[in-house]
Amino acid sequence: MVLPRFNHEEIIETVPTTLNEALPMDPTLPLPYCFNPTTHSYRVPSDSNDSARTYPYDEFTLKLHSHESNSRSSALLFTQFHEFIDSELCHTILRCYTHLNKHLLTVFVYTQMSKIGILPDSSIFPAVLKSVAQLCRRDLGQSIHCCVIKMGFGSDIYSSTALVHMYCTCLLCGDARQLFDEMPERNAVSWNALITGYTHNRRFREAIDVFREMQAAGAEPGEVTTVGVLSACAHLGALNQGKWVHDYITRNRLRLNVFVGTALIDMYAKCGLVDEAEKVFWAMRVKNVYTWNVLISGYAMNGQGEAALQAFSRMVMENFRPDEVTFLGVLCACCHQGLVKEGRWHFLSMKEEFRLQPMIEHYSCMVDLLGRAGFLDEAQEVIRTMNMKPDPIIWRALLGACRIHGHTQLGEFAIRNLLELEPKNGENYVLLSNLYARDRNWVKVGQVREMMNRTGIHKVPGCSSIEIGSVVYEFVVSDITEPGGYEEVYKLLAVIKRQLEVAGYSADTNIVLYDLEEEEKEQTLIYHSEKLALAFGLLKTSSDTTLIIVKNLRICQDCHQFFKLISMIYRRKITVRDRHRFHHFSGGVCSCKDYW
DNA sequence: CTAGGGTTAG
C-alpha cells in the first residue's frame, strides 16, 4: 500500500470533536453496563466505594504532534486520507498509540474507524480499553463493552480481561467482579487484573482474598500477581502475609525484577522492617527511580531521617534523576526529624537545581516542617507566597503546629480557613477541640462538642489492627458500656494500668474531647483502639515477638506514653504505624524521640 | 498476536 506524502507542519493541528458525535450511545442494546436513554443516566454503580468522578475531558481536543510518533499515524490521516487506510494499518496505528501512551489518539482513531468503514476486530479491543482505562472514561468503556458483546467477542479472554481492568481503573470493581465471574475461561492475567484492580481501589483485603481464591482455583501466581498482593500487604501492614509472598517468590524462583523488588521494599518499609527493606534493595540488580523513592520514603516514615538523606545523595551520585515523589520523601524525612536547615536547603535545590515545580504536597510538607519546629511566621509565609490555593491539609498542618506551640489565635485563623473548605469533616472539629483543651478552655471545648452534635458531624472512630499469624484482627475504639466480647483484653488492660501506675504512669486526660470527670476520661482513654490491639497482642504472642499495630488515625499522647512504658516493663518491642508515620517502641523510648 | 505490574505530604 502506498501512502501519500504530506508536510509535517500541516498535520500539527487541532482536531476537536465532541464525545457524543464521536461515539453515540447505542440505545438498542439494553445491557446492564449501558447508558439508559430513557433516564439519560448510567447504571448506578453497585459499589458504595465507587465515588463519582468528573471526567477529564467534556469535549476532547486532540493536539497532534506527528513527530512524536510515527508520521504515518497522525490522526489527519483519518480525516484526509482515509481511502488509503486498510483495516490492518488502522489496527496497527491504534495499538501504536496505546503503546506510546497517546490514549486520546487511540480513542480518536477508534471513533473514526466506523466513519471510514473499518470494522474493529477482537484484537484491538484490548488496546482501546487500555487507553480508555488510562483516561478514566467509564462512559466510553461501558459503550465499548456494549460493542464488544454486540460484535460477538464477549467471551474473548483478552478483551474480557481488558474490560475487567478497565472497570477496576474506572472505580467500578463490582462490575469488574461480575464480568470476571461470567467469563467462560480465565488465566493468570485475568486474575492479576482483578487483584491489581482491587488494590487500585484501595480494597486491599479483597485483593488478598482474591489472591487466595486464585490459588485455590489452581492458577499460578506470577511476578505481576505478587506485585499487586505485596502492594496490598504494604497498605494493610500485613507483614506475615507479605513475608509469605516473599517466600513464595523465592520458592518458585520468580524473578526479582524491578517491579517485584520495589514492591517488596515498600512492603517491608510499610511494615516497619527497614532492615529487610534494605536487604532487598541491595539484592536488586536493576533499580529505577521508583526503587529509590520507596527506600527514601521508607526511611523517612520509620524515623531514619539521616539515612533517607544519605540514600538521596547516593541516588544522585549514581545518576538517577530525582522526581517530585523523591523530594516528598526527602522533605518528609526532614519534617519528622526536625531537620529545618536541611529541609529548607532541599526545597530550594529541588526548584533551582533539579528544576522541579513544587506541588501542593511539597508546600504542605514545608508548612509542617517549619510549623512543627516553631517557625510559625515562616510557615505562614510559605502559605502566603505559594501560587496555589491552600488545601485542607495545609491548614491542618498549620493548626497542628499551633496546638503544639500554643498559638491559639493563629490556630483559630487556620480553623476558619479549614472549615470553609471542609465544613463536614469531623476531624477538623476534633483538632479545634484539642486546641482549646490544651488551654483547658472547657467552655470552648463544650461549644465545639455542642456544634458537632447539632450538625450531626461525627468523628471517624479510631481503628487499629494487629496481625497474629496470618489473620488481621481489628479493634475499634470502644464504647465503655458495651465491651463487645473481648473480655480478656479488658481485664488485661486493667491489670496493665495498675502496673503502669506503679511505674509512674498517669493518664494524660488533656486531649479527651469532653469535659468529663477525670475518672471517666481515663476510662475513655483506656479503650483506645491501639491499646486494645496491644493487649490482644500481648495475650496472643510470645514475649520475643515484636508487636506491629496499624492505626487509621494518629496515635494519641496518652497511648504514646502508655506504649513507651509497656515496652520497658514488659520488655517488648512494639511498632505502631499510625496515619502518618512509624513509632518504634523499645526499652521505654520511641524512635520518634517524642517529636511528632 | 492482543490482556495484568511498584512510589506520593498530613
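Below, read A as the first sequence line, B as the second, and so on, with proteins coming before strands; counting in each chain starts at 1.
Here Asp578(A) lies out of heavy-atom contact (under 4.0 Å) with every strand. As judged by a 4.0 angstrom heavy-atom cut-off over every strand, Glu223(A) is placed among the base-contacting residues. Among the protein residues, Ser231(A) comes within range of the sugar-phosphate backbone only, with heavy atoms under 4.0 Å from sugar or phosphate atoms but none that close to a base. Heavy atoms of Thr196(A) sit under 4.0 angstrom from primed sugar atoms or phosphate atoms, though from no base atom. Using a 4.0 Å heavy-atom criterion, one finds that Asp323(A) contacts no nucleic acid atom at all. Heavy atoms of Lys270(A) sit under 4.0 angstrom from primed sugar atoms or phosphate atoms, though from no base atom. Contacts of Val289(A) with the nucleic acid, taken as non-hydrogen atoms under 4.0 Å apart, are absent. Note on Val367(A): nothing from the nucleic acid sits closer than 4.0 angstrom, heavy atoms only. Nucleic acid contact for His235(A): sugar-phosphate only, since backbone atoms but no base atoms lie under 4.0 Å from a heavy atom of the residue. Contacts of Thr291(A) with the nucleic acid, taken as non-hydrogen atoms under 4.0 Å apart, include base atoms. Counting non-hydrogen atoms under 4.0 angstrom, His91(A) reaches nothing in the nucleic acid. As judged by a 4.0 angstrom heavy-atom cut-off over every strand, Val294(A) is placed among residues touching the sugar-phosphate backbone only. Heavy atoms of His165(A) sit under 4.0 angstrom from primed sugar atoms or phosphate atoms, though from no base atom.
Protein atom NE2 of His362(A) is 14 Å distant from nucleotide atom C1' of dG10(B), rounded to whole Å. Summarising the geometry, the separation between CD1 on Ile157(A) and C1' on dC1(B) is reported as 14 Å, rounded to the nearest angstrom. Taking atom CG on Leu398(A) and atom C1' on dG10(B), their separation rounds to 12 Å, with Å as the unit. Regarding His336(A), its NE2 atom lies at a distance of 9 Å from the C1' atom of dG10(B), rounded to whole Å. His200(A) has its NE2 atom 15 Å from the C1' atom of dT8(B), to the nearest Å. Whole-Å rounding puts the Ile195(A) CD1 to dG6(B) C1' distance at 15 Å. Taking atom CZ of residue Arg202(A) and atom C1' of nucleotide dT7(B), one finds them 13 Å apart after rounding to whole Å. The nearest whole Å value for the distance from the OH atom in Tyr299(A) to the P atom in dA9(B) is 18 Å.
Of the listed nucleotides (dT8(B), dG5(B), dG10(B)), dT8(B) has the atom at the smallest distance from the side chain of Leu328(A). When the nucleotides dA9(B), dG10(B), dG5(B) are ranked by their closest atom to the side chain of Cys335(A), dG10(B) comes out on top. Which of dA9(B), dG10(B), dG6(B) sits closest to the side chain of Val227(A) comes down to dG6(B). Distances from the side chain of Val224(A) to the nucleotides dG10(B), dT7(B), dG5(B) place dG5(B) closest. Among the nucleotides dT2(B), dG5(B), dA9(B), the one closest to the side chain of Tyr158(A) is dT2(B). Comparing atom distances between the Asn293(A) side chain and each of dA9(B), dT2(B), dT7(B) picks out dT7(B) as nearest. Listed nucleotides: dA3(B), dG10(B), dT7(B). Nearest to the side chain of His580(A): dG10(B).
In this structure, Arg344(A) is positioned above the aromatic face of Phe375(A), its NZ or CZ under 6.0 Å from the six-membered ring centre and within 45° of the axis. A cation-pi arrangement is present between Arg186(A) and Phe180(A), with the terminal nitrogen or guanidinium carbon under 6.0 Å from the aromatic centre and inside a 45° cone about the axis.
Taking only distance into account, the side chain of Asn288(A) meets the base of dG6(B) through a donor-acceptor pair shorter than 3.5 Å.
Lacking a ring centre under 5.5 Å from that of the base six-membered ring together with a plane angle below 30°, Tyr290(A) does not count as stacked on dT7(B). In this structure, Phe259(A) does not count as stacked on the base of dG6(B) under the 5.5 Å centre distance and 30° plane angle limits.
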Using the salt bridge (Lys or Arg N to Asp or Glu O under 4.0 Å) rule, take Glu276(A) and Lys270(A) through it: C-alpha gap first, then chi angles, then the decisive distance, then the call. CA-CA 11 Å; Glu276(A) 293 298 320; Lys270(A) 288 213 171 76; over 6 Å; no
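If you check the side chains of Ser123(A) and Arg95(A), you find a donor sitting under 3.5 Å from an acceptor. In this structure, a donor-acceptor pair under 3.5 Å is absent between the side chains of Thr199(A) and Ser231(A).
Checked against Phe327(A) for a ring pair (Phe, Tyr, Trp, His ring centres under 6.0 Å), the options Phe312(A), Phe347(A), Tyr363(A) give a single hit: Phe312(A).
No more than 12 heavy atoms of other residues, nucleotides or ligands sit less than 6.0 Å from atom NZ of Lys424(A).
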